[in-house]
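Chain letters run A, B, ... following the sequence lines, proteins first, then strands; residues in each count from 1. The model shown is predicted, which means the values in this text are computed figures rather than measured ones.
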Protein chains: 2
Amino acid sequence: MDQSSILCPRFAKAMKMMGQRWTGLVIYQLLTGPQRFCSIESSLPISGRLLSERLKELEQEGIVKREVFPETPVRIEYSLTEKGMALEPLLRELEKWSQNWIEVEN
Amino acid sequence: MDQSSILCPRFAKAMKMMGQRWTGLVIYQLLTGPQRFCSIESSLPISGRLLSERLKELEQEGIVKREVFPETPVRIEYSLTEKGMALEPLLRELEKWSQNWIEVEN
DNA sequence: TTTAGTTACTTACTTTATGTAAGTTAGTAT
DNA sequence: ATACTAACTTACATAAAGTAAGTAACTAAA
């Protein structure tokens with residue numbers, strides 16, 4: 001478990017983030033536009049507990065922006081920052097790959 | 001936890017795979033060419049236990065190919081299949097994104 | 001002919017992450 | 001007061017990951 005070749009720390013960090021359950025799908029969902037908590041929650045098979053956790057992490061990374069609208073009941077919108085938007089090509093590549101190489105069923 | 005919009009099952013499956021710890025890094029490492037177990041193990045901070053598990057999963061998905069050379073001691077080489085190679089653009093996108101948007105330290 | 005060395009794994013066990021469900025907070029509306 | 005809503009939290013069970021030691025098959029050295 002000692003590394004002989006050095007992994008680029010930026011790349012390793014990005015991998016650690018994207019290689020976390022739900023992160024990619026949450027960002028993918030936000031590519032369709034700003035959305036509130038319950039909307040993301042119902043578009044993915046993720047629980048509120050984890051969605052809350054992931055959104056917090058993504059906000060800290062500067063990938064997601066959280067905006068509070070003091071309406072009734074309160075509306076909170078999540079959207080992608082420029083850094084988050086920059087992930088679109090990556091997600092489109094995964095989309096393409098999955099269309100070309102994954103068959104469903106199992 | 002009910003989905004109102006339907007997630008494409010191919011994309012969801014690809015996400016589940018790539019959004020697993022180490023999967024992306026193992027494939028990234030194999031992009032540099034066929035390699036044996038101990039070589040991958042020492043190039044990433046992954047343990048033998050998990051590397052063995054991931055390689056088995058990737059082999060089952062048809063992303064990685066395992067070849068046994070009955071030398072002394074036995075040599076086993078892992079390489080990417082065509083399906084695995086097709087993930088290169090995706091990994092290059094992540095590489096680019098990380099160079100542009102991630103700063104190291106923390 | 002014991003002893004040690006090599007690669008490629010397994011097994012056993014601990015810690016961390018995730019899944020599930022119920023509960024909380026703040027602000028109306030009835 | 002009671003109920004309703006959105007957005008979370010908390011508590012607890014299960015699954016996945018981390019760590020370290022062990023195994024199998026073979027060779028090479030003492």
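- By the rule that hydrophobic residues join a cluster once side-chain heavy atoms approach within less than 4.5 Å of another member, Phe37(A) and Phe69(A) end up as members of separate clusters.
- We find that CD1 of Ile76(B) is positioned 16 Å from P of dA24(D), with the value rounded to whole Å.
- From Met85(B), atom CE reaches atom CG of Leu80(B) across 5.0 Å, with rounding to the nearest 0.5 Å.
- With the nearest nucleotide of DNA chain D identified for both Lys56(A) and Pro73(A), Pro73(A) has the one nearer the 5' end.
- In this model, the phosphate group of dT10(C) is approached by a side-chain N or O of Ser52(B) to a distance below 4.0 Å at OP1 or OP2.
- Side-chain nitrogen and oxygen atoms of Arg36(A) include at least one within less than 4.0 Å of the OP1 or OP2 phosphate oxygen of dA7(D).
- Following rounding to the nearest Å, Arg21(A) (CZ) and dT16(C) (C1') show an atom-to-atom distance of 12 Å.
- Look at Lys56(B) and Glu53(B) and you find no salt bridge, because none of the NZ, NE, NH1 or NH2 atoms lies under 4.0 Å from a carboxylate O.
- To the nearest angstrom, C1' of dC8(D) lies 13 Å from CD1 of Ile40(A).
- No hydrogens or angles considered: nothing links the side chains of Glu59(B) and Tyr78(B) as a donor-acceptor pair under 3.5 Å.
- In this structure, CG of Leu51(B) is placed 12 Å from P of dG18(D), rounded to the nearest angstrom.
- Checking the phosphate oxygens (OP1, OP2) of dC9(C), a side-chain nitrogen or oxygen of Tyr78(B) falls inside 4.0 Å.
- Under 4.0 angstrom from either OP1 or OP2 of dT6(C) there lies no side-chain N or O belonging to Arg75(B).
- Regarding contacts with the backbone of dA16(D), every side-chain N or O of Lys16(B) stays at 4.0 angstrom or more from both OP1 and OP2.
- The side chain of Arg54(A) has dT18(C) as its nearest neighbour among dT18(C), dA7(D), dT6(C).
- One atom, CD1 of Ile46(A), and another, C1' of dT20(C), lie 13 Å apart when rounded to the nearest Å.
- The number of heavy atoms from other shown groups lying within 6.0 Å of NZ (Lys83(B)) is above 12.
- The CD atom of Glu71(A) sits 10 Å away from the P atom of dA7(D) (whole-angstrom rounding).
- In this structure, Trp22(B) places its CH2 atom 13 Å from C1' of dT19(D), rounding to the nearest Å.
- One N or O donor and one acceptor, one from the side chain of Arg49(B) and one from the base of dA17(D), sit under 3.5 Å apart.
- Distance CD (Glu53(A)) to P (dG19(C)): 10 Å, rounded to an integer number of Å.
- OP1 or OP2 of dA7(D) has not a single side-chain nitrogen or oxygen of Arg66(A) nearer than 4.0 Å.
- Nearer the 5' end of DNA chain D, as judged by each residue's closest nucleotide, is the contact made by Gly48(A), out of Gly48(A) and Gly48(B).
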